[in-house]
Trainee: 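First, the structure itself, so that you have it in front of you.
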Amino acid sequence: MNKALRKAIIAGNWKMNKTRPEAKALLDAIKPLVANAEGNVEVVACVPFTNLETAVNATAGSNVKVGAENVHFEKSGAFTGEISADMLVEVGVEYVVIGHSERRQYFGETDETVNKRTVAALAAGLKPIVCVGELKWERQCNITEEVVGRQIKLDLWSVSKEDVKKVVIAYEPVWAIGTGLTATPEQAEEVCAFIRAQLAKLYDQETADAVTIQYGGSMNAKNAAELLAKPNIDGGLIGGASLKAEDFNVIVQAAVNG
Ligand code: 13P
């Protein structure tokens, strides 16, 4: 395994936080702090739909990329409340979070719709950040690999070898999200290595080695360096700690130095 074969990506997932002026202020604070990551670590801010244009303008000319938090799989039509991949591209968005556990838990997202959204995002030229992860009781029942293996297989169904290299996989154990409970570096590494092995089975080793796999779930300024030092953890998807410029930057610097 060689980490140098793939891009390190630190992405903030702001969830349902920040008004437009707040979004601009946060990005203005983040930009100078993370400027040194350019060419080494990709820095992404995934923001609510209403903040996308503000974020694209605020980050213009900087090394901070903008992502959305969801995307619909149809190109257009009678889908009230949804946003298409082409709409995101037109605003200047590069990344999109797909299948976050909050979407799966609260909004009925399934592996089938996650797959359809992933395929649509890739077709439009977006880079999907596909989230997978087990529930607490699934870990307790010792079926983490079964659950995550199934998600990987279904969520990436029909995605080609060329396209899967543009996909970022975020391993987010549901029990670690917003709870302050972080997976230990060993637990996180074990599942990220398993995900890479699954990718090697579905595609081949060269392809698996090219895919960025992030850890997410209470990653913060204190625990990031240890997690990011693991051979199969190529980055982080950060919730709470991405809402504070200094904390987010500590995580970015841990990736730069890691
Ligand atoms: P927290 O970092 O707040 O636990 O959230 C993680 C997450 O869900 C990122 O997508």
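Predicted model, so just to flag it, every value in this text is computed and none were measured.
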Trainee: Given Thr207 and Leu199, is the side-chain contact (heavy atoms from CB on, under 4.5 Å) satisfied, shown in steps?
Mentor: CA-CA 8 Å; Thr207 306; Leu199 293 172; over 6 Å; no

Trainee: Calculate, to the nearest 0.5 Å, the distance between atoms OH and CG belonging to Tyr203 and Asp163 respectively.
Mentor: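 CG of Asp163 is found 8.5 Å from OH of Tyr203.
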
Trainee: Hey, could you give me the NZ/CD distance between Lys7 and Glu42, rounded to the nearest 0.5 Å?
Mentor: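 One finds 4.0 Å between NZ of Lys7 and CD of Glu42.
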
Trainee: Can a donor-acceptor pair be found, under 3.5 Å and without considering hydrogens, that links the side chain of Ser218 to the backbone of Gly180?
Mentor: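 Flag set: sc Ser218 to bb Gly180 pair under 3.5 Å.
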
Trainee: Answer yes if the side chains of Gln253 and Asn36 hold a donor-acceptor pair under 3.5 Å, and no otherwise.
Mentor: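 Side chains of Gln253 and Asn36: pair found under 3.5 Å.
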
Trainee: Closer than 3.5 angstrom, by distance alone: can the side chain of Glu22 be matched with the main-chain N or O of Thr19 as a donor-acceptor pair?
Mentor: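 Present.
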
Trainee: Please say yes or no: joined through hydrophobic side-chain contacts below 4.5 Å, possibly via intermediate residues, are Val96 and Leu156 part of one cluster?
Mentor: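 Shared cluster, yes.
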
Trainee: Measure across Gly133 and Gln151 and return the closest heavy-atom pair with its distance rounded to 0.1 Å.
Mentor: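 Between these two residues, the closest heavy atoms are N-OE1, 2.9 Å.
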
Trainee: Take atom CD in Glu53; do more than 12 heavy atoms of anything else shown fall under 6.0 Å from it?
Mentor: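 Check fails, neighbour count at 12 or below.
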
Trainee: For residues Leu228 and Ala255, report the shortest heavy-atom separation together with the two atoms involved.
Mentor: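 So the two residues come closest at CD1-N, 3.8 Å.
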
Trainee: Can you check salt bridge (charged side-chain N to carboxylate O under 4.0 Å, His left out) on Arg117 and Glu82, steps first, answer last?
Mentor: CA-CA 12 Å; Arg117 290 175 203 264; Glu82 294 290 333; 3.6 Å; yes

Trainee: Establish, from distance only, whether the side-chain atoms of Glu109 and Thr113 form a donor-acceptor pair under 3.5 Å.
Mentor: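 Result is yes, a qualifying pair exists.
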
Trainee: May I have the step-by-step check of side-chain contact (heavy atoms from CB on, under 4.5 Å) for Asp209 and Arg6, ending in yes or no?
Mentor: CA-CA 7 Å; Asp209 282 341; Arg6 46 196 176 258; 4.2 Å; yes

Trainee: For the side chain of Asp234 and the backbone of Ile213, is there at least one donor-acceptor N/O pair under 3.5 Å apart?
Mentor: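 Here the side-chain-to-backbone pair exists.
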
Trainee: With a sphere of 6.0 Å drawn around CD of Glu94, does it hold more than 12 non-hydrogen atoms of other residues, nucleotides or ligands?
Mentor: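 Counting neighbours around CD of Glu94, more than 12 heavy atoms of other residues, nucleotides or ligands fall under 6.0 Å, so yes.
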
Trainee: Could you report the tightest heavy-atom contact between Leu26 and Ala245, atom names first, then the distance?
Mentor: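 Minimum heavy-atom contact is CD1-N, 3.7 Å.
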
Trainee: Is the shortest heavy-atom distance from the side chain of Val97 to the side chain of Asn70 under 4.5 Å?
Mentor: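 No. Closest side-chain heavy atoms not under 4.5 Å.
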
Trainee: Should Val66 and Val44 count as side-chain neighbours, where that means a heavy-atom distance under 4.5 Å?
Mentor: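 No - every pair of side-chain heavy atoms lies 4.5 Å or more apart.
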
Trainee: Between Arg104 and Asp155, what is the shortest heavy-atom contact and its length?
Mentor: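 The answer is NH2-OD2, 2.8 Å.
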
Trainee: Show every salt bridge (charged side-chain N to carboxylate O under 4.0 Å, His left out) that has at least one partner inside residues 170-191, sequence neighbours left out.
Mentor: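 Checked against salt bridge (charged side-chain N to carboxylate O under 4.0 Å, His left out) - neighbours excluded - the pairs reaching residues 170-191 are Glu186-Lys230.
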
Trainee: At their closest point, which heavy atom of Cys46 faces which heavy atom of Ile129, and how far apart are they?
Mentor: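 Smallest interatomic distance, heavy atoms only, reads SG-CD1, 4.2 Å.
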
Trainee: Under the salt bridge (charged side-chain N to carboxylate O under 4.0 Å, His left out) criterion, do Asp86 and Lys75 qualify, and how do the steps go?
Mentor: CA-CA 7 Å; Asp86 290 343; Lys75 281 190 89 65; 2.8 Å; yes

Trainee: Okay, side chain of Lys165, backbone of Thr212: is any donor-acceptor separation there less than 3.5 Å?
Mentor: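 Not confirmed, Lys165 side chain does not pair with Thr212 backbone.
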
Trainee: Are Leu27 and Phe248 connected in a single hydrophobic cluster, I mean Ile/Leu/Val/Met/Phe/Trp/Tyr linked by side-chain heavy atoms less than 4.5 Å apart?
Mentor: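 Phe248 clusters together with Leu27.
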
Trainee: For Asp28, enumerate each residue passing the salt bridge (Lys or Arg N to Asp or Glu O under 4.0 Å) test, keeping only those at least two apart in sequence or located in another chain.
Mentor: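 Applying salt bridge (Lys or Arg N to Asp or Glu O under 4.0 Å) to Asp28 gives Lys24, Lys31.
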
Trainee: Would you please test Gln105 and Val174 for side-chain contact (heavy atoms from CB on, under 4.5 Å) and show each step?
Mentor: CA-CA 10 Å; Gln105 275 185 301; Val174 181; 4.0 Å; yes

Trainee: Measuring from atom CG of Asp247 to atom OG of Ser242, what distance do you get when rounded to the nearest 0.5 angstrom?
Mentor: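 So the CG of Asp247 and the OG of Ser242 are separated by 10.0 Å.
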
Trainee: Show your reasoning for whether side-chain contact (heavy atoms from CB on, under 4.5 Å) applies to Thr179 and Ile177.
Mentor: CA-CA 5 Å; Thr179 58; Ile177 295 177; 5.8 Å; no

Trainee: Would you say the side-chain atoms of Arg196 pair up with the backbone N or O of Val211, donor to acceptor, closer than 3.5 Å?
Mentor: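 Yes: the side chain of Arg196 pairs with the backbone of Val211.
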
Trainee: Does one hydrophobic cluster hold both Leu202 and Leu122, with members joined at side-chain heavy-atom distances below 4.5 Å?
Mentor: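 Leu202 and Leu122: one cluster.
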
Trainee: Between the side chain of Asn257 and the main-chain N/O of Ala254, is any donor-acceptor distance below 3.5 Å?
Mentor: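 A pair under 3.5 Å: no.
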
Trainee: In a table with atom names and distances, give each donor-acceptor pair under 3.5 Å that connects a side chain of residues 139-150 to protein atoms at least two apart or in another chain.
Mentor:
{"unit_1": "Arg139", "atom_1": "NE", "unit_2": "Glu134", "atom_2": "OE2", "d": "2.8"}
{"unit_1": "Arg139", "atom_1": "NH2", "unit_2": "Glu134", "atom_2": "OE2", "d": "3.2"}
{"unit_1": "Arg139", "atom_1": "NH2", "unit_2": "Tyr171", "atom_2": "OH", "d": "3.3"}

Trainee: Between the side chain of Asn40 and the main-chain N/O of Ala37, is any donor-acceptor distance below 3.5 Å?
Mentor: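 Such a contact is absent between Asn40 side chain and Ala37 backbone.
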
Trainee: Does the side chain of Asn51 come under 3.5 Å of the side chain of Arg20 through a donor N or O and an acceptor N or O?
Mentor: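 No, no side-chain donor-acceptor contact under 3.5 Å.
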
Trainee: Determine whether a donor-acceptor pair (N or O, by modelled atom type, separation under 3.5 Å) exists between the side chain of Thr184 and the backbone of Gln187.
Mentor: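 Yes, the answer is positive, given that a donor and an acceptor are paired below the 3.5 Å cut-off.
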
Trainee: Examine distances only and state if a side-chain atom of Gln214 and a backbone atom of Gly236 form a donor-acceptor pair shorter than 3.5 Å.
Mentor: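 Yes; at least one donor-acceptor contact below 3.5 Å.
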
Trainee: With Lys18 as reference, evaluate Val47, Thr54, Leu243, Thr50 under the side chain to side chain contact (heavy atoms under 4.5 Å, CB included) test and give the passing residue.
Mentor: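 Of the listed residues Val47, Thr54, Leu243, Thr50, the side chain to side chain contact (heavy atoms under 4.5 Å, CB included) partner of Lys18 is Leu243.
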
Trainee: So how far is it from Trp175 CH2 to Ser101 OG, rounded to the nearest 0.5 Å?
Mentor: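 Trp175 atom CH2 to Ser101 atom OG measures 12.5 Å (nearest 0.5 Å).
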
Trainee: Could you please spell out the steps behind the salt bridge (charged side-chain N to carboxylate O under 4.0 Å, His left out) verdict for Glu69 and Lys15?
Mentor: CA-CA 7 Å; Glu69 297 179 15; Lys15 308 193 179 183; over 6 Å; no

Trainee: Sequence neighbours excluded, which residues qualify as ring pair (Phe, Tyr, Trp, His ring centres under 6.0 Å) partners of Phe49?
Mentor: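 With sequence neighbours excluded, Phe49 shows a ring pair (Phe, Tyr, Trp, His ring centres under 6.0 Å) to no residue whatsoever.
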
Trainee: Can you name the salt bridge (Lys or Arg N to Asp or Glu O under 4.0 Å) partners of Lys161, sequence neighbours left out?
Mentor: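 With neighbours one apart ignored, the set is Asp204.
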
Trainee: Any sub-3.5 Å donor-acceptor pair from Tyr215's side-chain atoms to Gly217's backbone N or O?
Mentor: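 A pair under 3.5 Å: yes.
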
Trainee: Got Val191 and Pro173 here, is their nearest side-chain heavy-atom distance under 4.5 Å?
Mentor: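 A side-chain contact is absent here, since even the closest heavy-atom pair is not under 4.5 Å.
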
Trainee: Do you know the tightest heavy-atom contact between Ala85 and Ala124?
Mentor: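 For Ala85 and Ala124, the tightest heavy-atom pair comes out as CB-CB, 3.4 Å.
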
Trainee: Got a sec, which residues hit salt bridge (Lys or Arg N to Asp or Glu O under 4.0 Å) with Lys153, two or more places apart in sequence or on another chain?
Mentor: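 Salt bridge (Lys or Arg N to Asp or Glu O under 4.0 Å) list for Lys153, sorted by chain: empty.
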
Trainee: Going from CZ on Phe79 to OG on Ser84, what distance comes out if it is rounded to the nearest 0.5 angstrom?
Mentor: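 Going from the CZ atom of Phe79 to the OG atom of Ser84 covers 11.0 Å.
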
